[in-house]
Undergrad: 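Below you will find the structure I want to go over with you.
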Amino acid sequence: MKALRLLTAGLAGLIFTAAAHAAGGAEHPHPPEGGWPFDGPTGQFDQASLQRGYQVYHQVCSSCHSMKLMSYRNLGEPGGPFYDPAYPNPNDNPFVKALAAENEILSPTPNEVGDFDFRPATPADRFRSPYANVEAARAANGGAAPPDLSVITKARHGGASYVYHLLSGYPHDDAFVKREVDGETVTYVDMSKMGGHGGEHGEGFLKINPGQYYNPYMAGDTTPNYEGDPRHAPKGGFLAMPPQLLEGRVEYTDGTEATVEQMAYDVAQFLAWAGEPKQEHRKSLGVAVMGYLLILAVLLWFSYKQIWRKIEH
Ligand code: HEC
């Protein structure tokens with residue numbers, strides 16, 4: 001009885017903390033419409049989307065974000081965006097070679113006089129990093145260093161869905177208003193004009209500090225900047241990354257229309273793949289193991305029946 005009471009109290013506590021957690025904070029990142037092709041025990045990445053996602057990373061994100069755990073050769077490995085069965089060794093894949101060579105990197109080995117030269121990357125090289133170190137990254141971005149994106153979908157709650165919504169969830173241009181305050185122009189977001197971005201946002205104005213950007217999916221607290229009932233301060237927070245994906249920001253080589261949602265979807269899928277490049281292999285192995293265990297179980301059942309057939313039990 002006592003155990004039961006303890007259990008009920010524990011459960012009630014859990015539910016209470018979960019509810020307390022749900023209030024405030026950031027908008028919950030649900031998967032995009034139709035879900036992700038790589039979800040579920042047999043889900044697989046969409047290779048065309050991975051290719052477009054790499055294009056978005058290369059042309060947009062890579063000017064600020066590194067992906068230090070990735071080498072160009074990974075792009076041509078089985079399950080990767082540019083895998084071609086004709087080239088089992090991705091170092092031989094001419095397309096991967098060409099993609100790598102688009103990047104000038106500082107050679108990791110010194111030349112004959114001991115200096116480090118720039119040279120086009122090869123498939124064996126790591127992805128080019130935009131900044132020499134974190135101090136340089138911080139200095140160039142208003143004090144906030146852009147995080148490495150190699151495993152960002154593993155490092156954030158919501159994974160690929162979070163990245164997708166963060167990139168496509170910034171307020172539209174018509175949600176901004178400017179006001180003169182003490183001779184200075186201050187920017188506000190008119191919350192009633194946020195539209196369908198991540199659910200209900202209510203009314204009121206949110207003050208935007210210089211160098212900061214509001215995003216309903218970013219973790220944070222908007223209360224100090226909110227002109228309205230603090231109990232209903234908008235979800236989300238501020239970050240130092242300006243909106244990156246504007247309509248037509250890239251021109252897709254496969255002709256797909258580059259809407260904001262499309263680019264966010266493709267780059268989020270690419271980052272999910274980068275975070276777990278062996279996921280497809282793991283899943284197909286998992287399915288094979290389940291099949292094997294099933295057959296084994298049936299065989300065991302029959303051998304058990306066989307062994308005990310003459311004994312009353
Ligand atoms: C102009 C530089 C710049 C570009 C280009 C850029 N970012 Fe960022 N990004 C930043 C900075 C700076 C931060 C850190 C913001 C902060 O912590 O306030 C950031 C943070 C992030 C975060 C982490 C947010 C969090 O939860 O902490 C993600 C995810 C991200 N960027 C994805 C991308 C993707 C994907 C692209 C390409 C479509 C991209 N960024 C392009 C500068 C950039």
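In each ligand, atom 1 is the first atom listed, and ligand 1 is the first ligand listed. Values in this document were obtained by computation on a predicted structure and should not be read as measured data.
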Undergrad: Closest non-hydrogen protein atom to atom 12 (C) of ligand 1, residue and atom name please, with distance?
TA: Ala144 O, 3.3 Å
Undergrad: Measure the shortest side-chain to side-chain distance between Lys97 and Thr122 over non-hydrogen atoms and say whether it is less than 4.5 angstrom.
TA: no
Undergrad: Could you list the atoms of ligand 1 found under 4.0 angstrom from a heavy atom of Leu245?
TA: 38 (C)
Undergrad: Only heavy atoms of Leu166, strictly under 4.0 Å: list the atoms of ligand 1 that pass.
TA: 24 (C), 28 (C), 29 (C)
Undergrad: Consider every N or O of Ile152 and every N or O of ligand 1, then say whether any pair is closer than 3.5 Å.
TA: no
Undergrad: For a salt bridge (charged side-chain N to carboxylate O under 4.0 Å, His left out) check, start with the C-alpha distance between Arg119 and Asp125, then their side-chain angles and the critical distance, and finish with the verdict.
TA: CA-CA 11 Å; Arg119 61 158 170 79; Asp125 286 309; 2.8 Å; yes
Undergrad: Can a donor-acceptor pair be found, under 3.5 Å and without considering hydrogens, that links the side chain of Lys68 to the backbone of Leu149?
TA: no
Undergrad: Any side-chain heavy atom of His172 within less than 4.5 Å of one from Lys193?
TA: no
Undergrad: Which ligand 1 atoms, with their elements, are less than 4.0 angstrom from a heavy-atom of Ser63?
TA: 5 (C)
Undergrad: Quick one: name the protein N/O/S atoms under 2.8 Å from atom 8 (Fe) of ligand 1, chain by chain.
TA: His65 NE2, Met241 SD
Undergrad: Let me see the working for Arg179 and Glu227 under salt bridge (charged side-chain N to carboxylate O under 4.0 Å, His left out), right down to the final yes or no.
TA: CA-CA 13 Å; Arg179 283 191 224 150; Glu227 288 186 0; 3.5 Å; yes
Undergrad: Here's a test for you: under side-chain contact (heavy atoms from CB on, under 4.5 Å), which of Tyr54, Tyr265, Trp273 qualifies with Ser49?
TA: Tyr265
Undergrad: At a 4.0 Å threshold, what atoms of ligand 1 neighbour a non-hydrogen atom of Asn141?
TA: 2 (C), 12 (C)
Undergrad: Between Phe45 and Trp36, is the ring centroid distance below 6.0 Å?
TA: no
Undergrad: Would you mind finding which of Tyr162, Tyr57, Phe238, Tyr164 brings a heavy atom closest to atom 24 (C) of ligand 1?
TA: Tyr162
Undergrad: Less than 4.5 Å apart, side chain to side chain, heavy atoms only: is that true for His28 and His157?
TA: yes
